[in-house]
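Notes follow the structure.
Everything numeric here is computed off the predicted structure, so don't read it as measured data.
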Amino acid sequence: MAATGETQPAKHQEVGHKSLLQSDALYQYILETSVYPREPQSMKELREVTAKHPWNLMTTSADEGQFLNLLLKLINAKNTMEIGVYTGYSLLSTALALPDDGKILALDINRENYEIGLPIIEKAGVAHKIDFREGPALPLLDQMVDDVKFHGSFDFIFVDADKDNYLNYHKRLIDLVKIGGVIGYDNTLWNGSLVAPPDAPLRKYVRYYRDFVLELNKALAVDPRVEICQLPVGDGITLCRRVS
């Protein structure tokens, strides 16, 4: 995804590639050496199917999918949530990482996109772990916040959805993730636009959401309830470990 210029060609050909690495060759090296040889066949299949979709740049990159899969295993996650599913590449990565009795509450406004990946998820034998809900996430999150049984019930939550609502999500998710649990916010480096000059010729959607991402980053940096680490993986992912 190009950071600036409406007509500037994409730097990379890999679908879902949003890396901020300076070198195209170095990113390709990472993919070919560490990512693709370890990518499960089902994830490769879903990545290739998603590549044919007109909105394929919305998908999670392969290196980020690998990172999430390993992270979930490291923290022994069992009960998770995903806000923003698209065709389900990151969802499949999560489902493959969880134990057989693990659960994912998956929220998205578009079931049609999810159903593109669903046959592959079913073939991988992990569909039983997924509770997909179609519709806006905030009303359901409000219901869960109002019910004390959901407080601190999630080990991991991944957010890759409407950037203008990231702070609204955070205000609710902080109650739903357990102490010691992790919330991951995707796209927190937003195409590298966060440090672009004010007059930079950004794509319209990049410019529109940039201020929301900047606001989120500032809020997370001073939130005493979480420890954070912002990583330049994919388009940037910020991990928040709840400490209080």
Side-chain angles (χ1 to χ4, degrees), residues 1-3 5-20 24 27-28 30-32 35-36 39-69 81-97 104-127 129-137 158-166 184-193 202-206 208-209 213 233-237:
M1 212 187 260
E6 289 286 352
T7 60
Q8 182 179 343
K11 289 175 61 180
H12 302 267
Q13 297 303 313
E14 300 298 336
V15 170
H17 169 62
K18 303 168 186 175
S19 175
L20 299 176
D24 294 4
Y27 182 69
Q28 197 64 33
I30 293 171
L31 291 176
E32 293 178 359
V35 179
Y36 290 159
E39 184 180 39
Q41 181 60 34
S42 57
M43 291 183 65
K44 177 183 179 182
E45 185 178 349
L46 182 49
R47 176 168 55 81
E48 292 175 346
V49 167
T50 303
K52 301 172 185 177
H53 193 274
W55 301 343
N56 57 50
L57 283 175
M58 289 173 53
T59 193
T60 300
S61 61
D63 53 326
E64 186 173 356
Q66 183 187 61
F67 169 74
L68 291 173
N69 182 274
M81 184 192 307
E82 182 161 331
I83 302 176
V85 171
Y86 185 42
T87 61
Y89 187 80
S90 59
L91 183 65
L92 177 56
S93 178
T94 298
L96 290 171
I104 313 165
L105 176 60
L107 311 178
D108 200 288
I109 59 172
N110 190 320
R111 185 178 182 90
E112 184 177 345
N113 289 335
Y114 168 62
E115 289 180 345
I116 293 172
L118 183 56
I120 298 171
I121 292 171
E122 291 175 336
K123 186 169 65 173
V126 293
K129 302 178 186 180
I130 300 169
D131 177 8
F132 181 85
R133 310 280 186 94
E134 183 179 23
F158 183 58
V159 185
D160 183 10
D162 43 335
K163 316 310 168 192
D164 45 343
N165 268 318
Y166 268 28
Y185 291 101
D186 202 15
N187 306 112
T188 59
L189 293 177
W190 200 230
N191 292 242
S193 67
L202 302 177
R203 294 179 178 182
K204 290 181 180 178
Y205 80 93
V206 173
Y208 175 77
Y209 287 113
V213 177
V233 176
D235 191 31
I237 178 171

For a side-chain hydrogen bond (donor to acceptor under 3.5 Å, both in side chains) check, start with the C-alpha distance between Ser61 and Asp63, then their side-chain angles and the critical distance, and finish with the verdict. CA-CA 6 Å; Ser61 61; Asp63 53 326; 2.7 Å; yes
Start with the C-alpha gap between Thr50 and Thr59, add the side-chain angles, then the distance that decides, and say whether side-chain hydrogen bond (donor to acceptor under 3.5 Å, both in side chains) holds. CA-CA 8 Å; Thr50 303; Thr59 193; 4.7 Å; no
Between Tyr114 and Val85, is the side-chain contact (heavy atoms from CB on, under 4.5 Å) condition met? List the steps. CA-CA 7 Å; Tyr114 168 62; Val85 171; 3.8 Å; yes
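Contact check for Thr94 versus Phe158: no side-chain heavy atoms found under the 4.5 Å cut-off.
Remark: side-chain polar atoms of Asn56 are paired, donor with acceptor, to backbone N or O of Ala51 under 3.5 angstrom. In terms of modelled atom types and a separation under 3.5 Å, the side chain of Asp162 and the main chain of Asn165 share no donor-acceptor contact. At distances below 3.5 Å, at least one donor-acceptor pair connects side-chain atoms of Tyr86 with backbone N or O atoms of Trp55. Judged by distance alone, the side chain of Asn187 and the main-chain N or O of Asp235 form no donor-acceptor pair under 3.5 Å. The closest donor-acceptor contact from the side chain of Glu64 to the backbone of Gly234 lies at 3.5 Å or more, if one exists at all.
What you find for Ile121 and Gly88 is that their closest heavy atoms are CD1-O, 4.4 Å. Here the closest non-hydrogen pair linking Tyr89 and Glu39 is OH-OE2, 2.6 Å.
Among the candidates Leu31, Ile30, Asp24, the single residue satisfying the side-chain contact (heavy atoms from CB on, under 4.5 Å) test with Gln28 is Leu31. If you run side-chain contact (heavy atoms from CB on, under 4.5 Å) between Leu91 and each of Leu96, Asp160, Ile130, only Ile130 comes through. Tested against Lys163, the residues Tyr205, Tyr208, Trp190 include a single side-chain contact (heavy atoms from CB on, under 4.5 Å) partner, Trp190.
Atom OG1 of Thr87 and atom CG of Asn110 lie 11.0 Å apart (nearest 0.5 Å). Taking CD of Gln66 as the start and OH of Tyr36 as the end, the distance is 11.0 Å to the nearest 0.5 Å. Between the CD atom of Glu82 and the CG atom of Leu105 there is a distance of 10.0 Å, given to the nearest 0.5 Å. We find the CD1-CD distance between Ile120 and Glu48 to be 9.0 Å, quoted to the nearest 0.5 Å. For the atom pair Asp131 CG and Leu107 CG, the distance stands at 8.5 Å (nearest 0.5 Å).
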